[in-house]
Structure formats: structure tokens, C-alpha cells
Amino acid sequence: MELSKNFEHQQAEQKWYNHWLDKGYFFSTPDERPAFTVVIPPPNVTGILHMGHCLNNTIQDVLVRRAAMQGYNTCWVPGTDHASIATEAKVVQMLREKNITKSSLSRDEFLQYAWKWKEQYGGIILEQLKKMGCRLDWNRTSFTMDDDYYKSVISVFIDLYKKGHIYRGKRMINWDVKAKTALSDEEVIRKETKQQLYYLRYSIEGTDEKIIIATVRPETIMGDSAICVNPADERYKHLVGKFALVPLINRRIPIIADDYVTMDFGTGALKVTPAHDTNDYQLGQKHNLEIIDILNEDGTLNEAAQILVGEDRFAARKKIVQLLQDGQYMEKTEDYTSEVGYSERTDAVVEPRLSLQWWVSMKELSLPALDAVMNGEIAFIPEKFKNLYRHWMENVKDWCISRQLWWGHRIPAWYDEKGNYVVAATEADAIQSYTEKYKPSGSVQLTQDEDCLDTWFSSWLWPFEVFKGYSHPGNADINYYYPTATLVTAPEIIFFWVARMIVAGKEYMKEIPFKQVYFTGIVRDKQGRKMSKSLGNSPDLVQLIEQYGADAVRFGIMISSPAGNDLLFDESSLEQGRNFTNKVWNALKLVKMWEARVSTNTATDNSAFALQWMESRLSQVKEEVETLMGQFRLSEALKTIYSLVWDDFCSWYLEWVKPGFEQPIAADVYQKTIGFFTELLQLLHPYMPFITEEVYHLLQERTDDLCELQLTPVSKPGMAILAQGNLLKEAISGLRDARNKNQLKPKEEIVLHIQTAEQDTYRTIESILAKQVNAKSIAYTTEAVAAAISVVTGKDKFYIESERPIDTAAQKDELEKELVHLQGFLVSVEKKLGNERFVQNAKPEVIALERKKLSDAKDKINLIEGTLKTL
RNA sequence: GGGAGUUUAGCUCAGUUGGUUUAGAGCAUCUGCCUUACAAGCAGAGGGUCACAGGUUCGACUCCUGUAACUCCCACCA
């Protein structure tokens, strides 16, 4: 069969993914093997594959594929998150394009559109994961709004309510005026924003005096309930207890004193607006101030403002500034930069707003989850995130779980027209508990809460609810697959999601949800900016996969992703990946060329050495990879395998055993080469599944598949063979370098003289050495040889005899440089050994080592000096 | 303002409990090669006072203190 010039990834990817699916390798059911379970961090149902997913899912796939090769029953559960705000925004936008407004639709009509949209576009990201080669169990695809899942979310809400962990409360919340919904603190992004600081004069009642306050939000003065100064502030002491008048509307507000106010900021006097600022609200609570809410939910001013009613808050700001100037209330303005909160979803400036919301009180629930991480029951990789987690969990705040949205899990609270309510899953249940609780006389009419639950209130159940661990407790799947093995996720959602999953796992399964959390880095672009949709700096993954191949993309992202460190994404690493697939492909082509030339002979001594050496290197690397994998150093492990394949196998081993042109190859060499190649493919397979599977099948007729092949146990590498191999490699490199520097063309043959006391060391490798440096013969000697070119490695010296006269000037220069270097080194070692305190304190093996360095350096200096004399 | 992290070759990073030569790898660069698997390749080479300043030690990239720069998280300065 004729093999193509390069690896053609497109057809191989499709062929093998379908083959794996047909064979059912990815589908898992409980059996007697140990389970290795991973749940995917569910991407937004609106999502398309970006770099973060690519990194995250490649890592999971590497772990899962390796576990499968180690004999685990692996189960990697795919799925999507309903992402209430993001999806609802998408659907609203889609409707707007059809000239339909959300407000013109009933809730049910809107949800019909939303579900239709979800069916149509919601699966895109899952299809993209298939393109990447992910070993996901597609029989278990889950969605956070599946029937059972939905019921579990509602039931968890009711349960927490009954246990007293959920309450309804008026609180200052972050309000998104565009989406008209509450946001959690985590959904608010603070950005440095240039603003104006306005200094306003308030008259003091009954005097001619004025008090000047500074504010960035003059449009909220109509909501002022007080002016506050520091009690220690001499400037204002006489005013405390008096009243000021709000400009333009002349409302009478008290002047109060509180430590909260800093004397040296602004004027030291603060306007207190409890309805529109978190701190002012707390101050208001403390001093019993009136709460005057002057804003509508869309950010326009309402009747309570008295003036500028109906104007948007920012338009109102401009207009009121004019009015204040006209009325001589404006003292001055200053440029001022401060952090302003923006909605993560809509980018609207977040409005602090007093609102009635549902809350989970987290303090008590969090304790077992805090413990689980601190006592090591759950390991964080890298460990530095433990501190972050502890800090957060020890200061955990209550969780606002209601969202003013329709797409999501509707809050199971039912109200009568007076606002009395009960919590129940269905209307019938609600009527029953309402009747028990309130004993109404007539018929009961209840309406359900309009709001939905925060998306994270469903995703925190993910690790067990994908196995229906809550809806069908004790079922075979949950018993077998839970707790899961490793969660792979981005550090930015440690609080949103990771912490809460641990809380839910502890509360409902009485067990941790996962044994390890592996935090990936954040993917950044070449300029160091985080890759994000809004910056538009994330490349199109599907296009990259088409261009470079899935294996190359996986390689490129894995080679540059140390655990927990951010990674700068650069397309050149994908190129490196593609070049690597090509290298593997060409190694295959070489070995295939030998297929027809296998002889019945056995290996010569020299090939026998190559076989032993390769076997030892392979064992050594297998050991290393096992260690690195155990420490989650996936990037390091890949580098190690890469170098084993490229350098050791291709550059050294294959060249050593390669027969001459159209010469036969010994049967055992051929067979062992195929064996080595197969083991390399196995090591590489978790990272690059497609090409390895393809090459595995092309290498030999096979009835099984690589992805199911079990790893063979690691054997001890032969250290003596490895040392001899190093000697050989050093000699080859040194001699090639010498040839290069003396302008010997590759085709010019040489005669090689080896000056050594241990000829036997070279007997088993001499023909390899001769071939690699193009020597027509090798002679041994114990005496110096008169030759123009010589090379020193270790204790031995090599002389190159060439037919062509050699100019020795350059060589002489170089040797002299090396001599100076060596002599400098010698002095430093002698100094060290001459230091009494070193000899007294250092460990004996360290001293022995230094002595060896000393004698080695001396030997080498002698050899070089000898050479220099002959030149 | 509080906390965490980073700083090693032009770029991206290794460097495990301080002592395997005077610090490693990949990419990029340079030189020579279209050598019968691979120019997406082969054979070589050059390149770093380990951010800076002190300290501990016989010995520091590694441990301690301080400084600077960058990054992230948290926080109520209008």
C-alpha cells in the first residue's frame, strides 16, 4: 500500500471517531473494574468551542484515555448548562430580529421559543467536542433542565427552605437595568471608570451656612435621607443634629455623625442615599433613615424623584448637573477615577438596588465543605488555591439565588394576593400547605413566583445529578460512579461552582463530589490578554482543527499548559504539533519500507545493542511519565514523550538499525521495532488519539484497537546500557561537530582511530559509530596518533584521518578556548576542596564527586594539551 | 486598602528536600546539507552576571528579609 506524503488528518479523525463510537468504547456501565469518573464542566448551552474549553477538555480526555489504558472503567459525562441569563439574552435577541418583544409574549410562549432555540442550536458545542476526539459517554448526555434534573433542583430548594437555609429578604443587590435582573457579586465586573466628582452645596436650615458634599451621582440627591460627617470632625461638629435642605427639591434631611465617614476624602461630608448605595443602606439601617427609592427597574427615575421623572439615570445626571449649576448649587467639579461595577452579561452599569429576593444562608452549609478541602479529603492542584478557598469559605456571604428571568427553574413559591406565601413543588401541594398554614375561609387562589433560580443553583448538583443521585437515591450508577475522580476546571469559577458543588455533595450525598480538582490556567493571547468573546481574540477552534488537525491542536495546547499557570497561546505551537504528527507518520513510512525485506537472520551485535538501548530508554521514559502523570504534570509528560519519539526513536534508534539501501533487515530487529513503535503510540495516544490509532493499524494487521490496549507494566531500565548509549551519542555528536567545523563534506569518508584503555566498550557499538560518522574503518590504539583532527569525550580520544589536508587553525583556537575554560573550572574545584570547612561539613558523596570532577578535568586537560602540541 | 502569585536564553517554560561539572528544554536565530521516512526534514552552533539589594551557609536559581515590575482575587472610601 502506498502511504501518503503527510498524515491526512481529516479523514482519519472522522473514521476513527466513528469507529470508536461503533465499538461502544466510550459507553460505560457499572462492572467489577474500578471506576474512573469525570463530569464535564457543562458548557453554556449557547456556547461554541473556545480556547478555554479546548484546554479544559483536552486535559480531561488525556486523563480519561490514560485511565482507560490502565484498566479503569472510565465514564466521562457530557452535557450542557441552561445558562439562564446568557440563553435568555440570546433568545430575546433572536425574537427582536423577528420583531417580537419579550413583553408581548406570555411566559409559556416565550419558553416555547426558548426550547425551540435550544433544540436547534444547543448541541453545537457537543458536536465540536467530538471533533476534538473527546472520549465522552454520549449515552449519558445531561442538561440542567432535563425533567428529573429540574425536579431535583426544585426539590433541593424546598428541602433547604424546610431546613431553614433559604429565606426571603430585602437586601441591597446588584441590579442589571438592561436584563432587569439581580446579579450575584460574581457576575459583576469592576472596571476603572473616569467620572466627575461633583461638589454640591446644601443649605443648612435656619442659617446662612452651607455644607458641601461630594458625589459622583448627583441624580440620586432626591433620594437623600441624611448628610453624614465624622463625629471627630471639628469643621462640622456644630452642625450635627441640624437639618439640611436637598437642592432643587428642598427636602429636609438630618445631619448625622458616624465613624464610617473619612474626614479627608472630598469635603468630609457625605450624602446618605440608602436606596441607591450599599454603604448608605447600611448607614441608613443603623441610623433609622428613610429609604427613598427614586429609580424604576429599568433605571429611569420614578415619581419619588419629584423632578426629571421618566428620564434615564445617565440622562438625568446630565440634566440635573445643569439644573444645579443654574441654581448656584454647584461648588466645583473634579475629574475622578474609581471602580464601577458592570454586568458581566449586558455590560450595563450595575445599580445597587433594594429588592426582595431569595437567599441561601451559606455559613452553616459551608463548614463541611471547608473541612473537606482543608483536611485534604479533596486535593487541589495546584495547592495554592487552598488558601484562596479557605479565605472565601470562612467569609462566605449569603447567596442570592433569584433571577428575574423566565428561562430556568421557576421558584416554587406560591403567593396569595396579600403576599402570604408557601413553598411547594406543585400548585396542588401549595394549596394544601397554604390551607394548613393560613386556614382560609373561602377558595384559595395562588400565583407562583415569577422568578427563576440562579443557574449555579442547578449546576451545584451536577456531579451527582447526572447519575440521578438525588432524584433516584441509591441507584446502581450513583453507587458505582460517585464520588467522581477529578474535576478539571478554570480557577475563576472556584467560588461560583467548585465550592458550591462541594457544599451540595456534602449536604445531599454525604460525600465529596470529587477527589481532586485540577485547576487549569487561563488562556491568554500573545499580548497577555485573557481570551474572551468580548475581546474577540479567541481563534475559531473548528477552523484550527481543520487546518492543523485535532491531534496537532491538542498537542499545541497541552505542550504549553503547566498546571495552574496561565498559558500564552501561540499558533506556532500548533505548527509544532502538526510537524510532530508528520514525524510520526514518516517513521511509519520508514518501517513499512522494511516490511518486504525482512530476513530470517537474527540481529548483529550492533543492532542487538540498539535494541537493548531502545528498550531501556522506553522503560526509563515509561517510569518518568508515570511519575509526572501522578503529579498532574501533563505538559512535562508530553514533552518527555515527544523527545522519546523524536530524538531517541527517530533520530537515534531508527538510524542505528536502519539497513543499507535495499538491504534486508533481521527479523527480530523488525519485530522489536514494531513493538517499540507500538509502545510509543500507546504513550502518546491520550494526547494524540487519532494519528496514534491510525498508525497502530497501519503498522501491522490488527484485530484490536489502540485506545483499548492495556499499558504493559514498567520494567527496570538497564543503566549500564543507557550509559554506553550516552557514550556512543557523545562520540557521534563530537565527531560530527569536528567534521562540520573542518568542512568535511558528509560524503567524505574518514578513518577513525580510538585511543582508549577500554576497547571492549566500543566493540558492540563500533559499526553504529562508524556508520553514523561515515568512517570506513575503525582502529584502536593506546597511544596518541598524529592526525589533524581529534575529539575528546570522557576519558577517550578520537582521531580523524582524512584524505584531504586539513587547516588546523580554527581547531587550535577552539581547543585553546576549551583549555582556558577547563583550567578555570579546575581552579574553582581545587579551591572548594582546599576549603577546610567544605571538607568538614559537606556530605562524603559530595566530596567524592568533587574529587572525581577534579581528576576528570585534569585528564581532559592532559589530552587537550597533548593534542595542541601536535598541531 | 487586604491577600495570593509571577519575575531564569529573543519567546514559552523546566529546574523536585540547597552540592552530578561555570543553569536545562522547546520554539525562534545562525551555519552546512534536497544523505535512498521526513526541507513540516537532517547534522551542528551561538545565546543567560537565574528581576534588584542585602542576609543565612563551606556552598544559593533553590532558604530568609527588603525593593521594583507585572498578574489575579477580595474589599464600602462617597
inquiry  = If we count only N and O atoms by modelled type, under 3.5 Å, do the side chains of Arg617(A) and Gln620(A) hold a donor and an acceptor together?
reply    =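 Note: Arg617(A) and Gln620(A) side chains meet the donor-acceptor criterion.
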query = Where the side chain of Glu636(A) is concerned, which of rG19(B), rA78(B), rA14(B) is the nearest nucleotide?
reply =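 Closest nucleotide to the Glu636(A) side chain: rA14(B).
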ask   = Of all the choices, rG15(B), rG19(B), rU35(B), which nucleotide is nearest to the side chain of Lys747(A) once you look at every atom?
value =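 Of the candidates, rU35(B) comes closest.
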With a 4.0 Å cut-off on heavy atoms, is [X] in touch with a base, just the backbone sugar-phosphate, or nothing at all?
X         : value
Val261(A) : base
Thr215(A) : sugar-phosphate
Lys639(A) : sugar-phosphate

inquiry  = I'd like to know if Lys589(A) reaches the base of rC38(B) with its side chain, counting only an N/O donor and acceptor under 3.5 Å.
reply    =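 A donor-acceptor contact between them is absent.
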task = Classify the side chain of Arg736(A) versus the base of rA43(B) as yes if they form a donor-acceptor pair under 3.5 Å and no if they do not.
result =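 In this structure, the two groups form no donor-acceptor pair.
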message = With rounding to the nearest 0.5 angstrom, report the CZ to OH distance, Phe580(A) to Tyr687(A).
response =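 Taking CZ in Phe580(A) and OH in Tyr687(A), the distance rounds to 11.5 Å.
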ask   = Quick one: on RNA chain B, does Ile732(A) or Thr581(A) contact a more 5' nucleotide (nearest heavy atom)?
value =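 Result of the comparison: Thr581(A).
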request  = Show the numbers, then the answer: is there a salt bridge (Lys or Arg N to Asp or Glu O under 4.0 Å) between Arg217(A) and Glu351(A)?
outcome  = CA-CA 11 Å; Arg217(A) 301 199 59 190; Glu351(A) 188 65 40; 2.9 Å; yes
ask   = With a 4.5 Å limit on heavy-atom distance, are the side chains of Tyr653(A) and Asp648(A) in contact?
value =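 Tyr653(A) vs Asp648(A): side chains apart.
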request  = Considering only atom C1', compute the distance from rA9(B) to rG3(B) and round it to an integer number of Å.
outcome  =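 Approximately 33 Å lies between the C1' atom of rA9(B) and that of rG3(B).
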key: For rC72(B), the Watson-Crick or wobble partner whose two distances fall under 3.5 Å   =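 Per the H-bond distance test, rG3(B).
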